[in-house]
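Values below: all heavy atoms of this structure, side chains included; hydrogens, waters and symmetry mates excluded. Note that the numbering runs from 1 along the sequence shown for the chain. Atoms within each ligand, like the ligands themselves, are counted from 1 in listed order. What you see is a predicted model; the values in this text were computed from it and never measured.
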Amino acid sequence: MRILDGKALSQQMKRKIAERVEAFQSEGKRRPGLAVVIVGDDPGSRSYVAGKAKDCAEVGFAGSTLSYPEDIAEQELLQEVEKLNADPEIDGILIQLPLPKHIDSDRILRAVSPEKDVDGFHPRNVAGLWLKEQCIVPCTPKGVIHILEDNGIEISGKRAVVVGRSNIVGLPVAKLLLDRNATVTIAHSRTPDLGAVTREADILVVAVGRPELVKGDMIKPGAIVIDVGVNRNPATGKLCGDVEFESAKEVAGAITPVPGGVGPLTRACLLENTLECYLRSL
Ligand code: NAP
């Protein structure tokens with residue numbers, strides 16, 4: 001059984017990005033710039049944003065965090081996004097979710113210029129993914145594909161099962177696997193006998209947000225298991241995935257740990273997307 005080490009892979013990706021940034025600078029070009037917008041004081045969101053700022057510093061991007069009070073008016077936030085859209089030094093804009101309840105998140109996400117939408121959430125990028133046109137691919141699904149491809153795991157011709165059908169993870173992962181010629185099944189909360197479906201998978205991607213929902217006996221021997229979930233185990237309080245790691249590792253051929261699997265790849269893909277936007281702006 002192989003542990004698919006997302007942390008090591010993300011470090012390799014960051015090194016490559018840092019080298020390219022250094023090269024741009026030695027050619028006298030500006031640095032890629034990522035702006036992260038955060039509203040309010042949610043400690044979870046703060047820690048994610050701090051992580052993104054650290055990543056930017058590590059690869060030499062100009063990273064800026066724009067913090068706004070919890071009670072900012074939607075109109076004012078829209079104006080701030082417009083300023084970032086117009087700023088030639090900013091290549092990527094990330095709106096840290098969730099936003100406070102009085103703000104329409106969809107409206108804010110759609111206000112981000114599709115050219116700077118490093119999360120790939122803008123309808124134009126979503127359409128681009130489904131129509132196979134130039135687009136920005138959302139970070140977590142992109143990270144899942146990186147883990148598979150960079151570890152030399154063949155996707156074409158495989159039976160893939162994706163558990164979860166959210167717009168930000170399940171659906172785009174399924175589409176990316178389909179584009180790479182896997183035969184894809186999407187399971188969700190109304191799927192009867194989930195284990196019977198997951199046991200068909202050569203590649204099993206789980207993105208549900210339910211601690212350790214998928215147990216070892218729901219996995220085909222030798223399957224590749226990608227656990228996207230990030231949860232707190234209610235019994236231990238520790239971070240855990242949507243897959244019960246201890247039983248799954250006895251059956252799987254390869255598996256991502258939580259933490260240290262998909263999470264670091266998501267962060268590295270945010271940098272990759274920012275670099276992509278920068279290159280298109282040159
Ligand atoms: P979400 O929007 O809540 O979607 C969850 C999906 O799981 C839904 O499609 C839901 O089905 C399905 N589901 C829920 N309970 C189920 C069950 N018992 N059996 C089968 N399917 C079930 O969640 P998300 O945003 O996709 O995130 C999923 C997980 O990934 C969360 O733990 C989140 O924290 C994590 N995540 C991690 C990263 C990372 O970087 N590592 C990034 C993003 C998200 P219905 O559609 O039928 O309701």
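- Heavy-atom proximity to atom 28 (C) of ligand 1, evaluated over A207, P259, G143, is greatest for A207.
- Proximity of V228 to ligand 1, defined as any heavy-atom pair under 4.0 Å, is shared by backbone and side chain alike.
- Regarding atom 29 (C) of ligand 1, its nearest protein heavy-atom neighbour is G209 N, 3.5 Å.
- Only the side chain of N231 comes within 4.0 Å of ligand 1, judged by heavy-atom distances.
- Among all non-hydrogen protein atoms, the one lying nearest atom 9 (O) of ligand 1 is R165 N, 2.8 Å.
- Counted within 6.0 Å of OH on Y48, heavy atoms from surrounding residues, nucleotides or ligands total 12 or fewer; the atom is thus considered open.
- Sparse packing is recorded around NZ of K7, with 12 or fewer heavy atoms of other residues, nucleotides or ligands lying under 6.0 Å away.
- For atom 44 (C) of ligand 1, the closest non-hydrogen atom of the protein is V169 CG2, 3.9 Å.
- Under 4.0 Å from ligand 1, not a single heavy atom of R267 appears.
- Set against the non-hydrogen atoms of G164, the atoms of ligand 1 under 4.0 Å away are 6 (C), 7 (O), 9 (O).
- Around atom NZ of K16, no more than 12 heavy atoms belonging to other residues, nucleotides or ligands sit under 6.0 Å away.
- The protein non-hydrogen atom at the shortest distance from atom 2 (O) of ligand 1 is S166 CB, 3.3 Å.
- In this structure, Y68 has no ring pair (Phe, Tyr, Trp, His ring centres under 6.0 Å) partners at least two apart in sequence or on a different chain.
- R31 and E89 are not joined by a salt bridge, as no carboxylate oxygen comes within less than 4.0 angstrom of a charged side-chain nitrogen.
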Take E74 and R107, measure what salt bridge (charged side-chain N to carboxylate O under 4.0 Å, His left out) needs, and give me the verdict at the end.
CA-CA 9 Å; E74 184 175 293; R107 195 161 174 222; 2.5 Å; yes
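- Within the listing of ligand 1, atoms 14 (C), 15 (N) sit less than 4.0 angstrom from a heavy atom of R210.
- Ligand 1 does not have G170 within reach: every non-hydrogen atom of the residue lies 4.0 Å or more from it.
- Nearest protein heavy-atom neighbour of atom 39 (C) of ligand 1: T266 OG1, 3.7 Å.
- Ion pairing of E246 with K249 is present here, as a side-chain N (NZ or NE/NH1/NH2) and a carboxylate O approach within less than 4.0 Å.
- Shown in contact with I168 at under 4.0 Å from a heavy atom are these atoms of ligand 1, numbered in order with element: 25 (O).
- Within 6.0 Å of atom CD in E22, 12 or fewer heavy atoms from other residues, nucleotides or ligands are found, so the atom counts as exposed in its surroundings.
- The distance criterion of under 3.5 Å between nitrogen or oxygen atoms is met by V230 with respect to ligand 1.
- Among pairs with a residue in residues 251-271, those fulfilling side chain to side chain donor-acceptor pair (under 3.5 Å) read D55-R267, T140-T266, at least two apart in sequence or across chains.
- Here the heavy atom of the protein found nearest to atom 42 (C) of ligand 1 is T140 OG1, 3.1 Å.
- K142 and N273 share a side-chain donor-acceptor pair at under 3.5 Å.
- Contacts between T191 and ligand 1, counted as non-hydrogen atom pairs separated by less than 4.0 Å, are absent for every part of the residue.
- At most 12 heavy atoms of other shown residues, nucleotides or ligands fall within 6.0 angstrom of atom CD in Q134.
- Of the inter-residue distances, the one linking D117 atom CG with C135 atom SG reads 10.0 Å to the nearest 0.5 angstrom.
- The shortest heavy-atom distance from G263 to ligand 1 is under 4.0 Å.
- The closest protein non-hydrogen atom to atom 11 (O) of ligand 1 is S189 N, 3.3 Å.
- In this structure, atom 13 (N) of ligand 1 lies nearest to the protein heavy atom V208 CG1, 3.7 Å.
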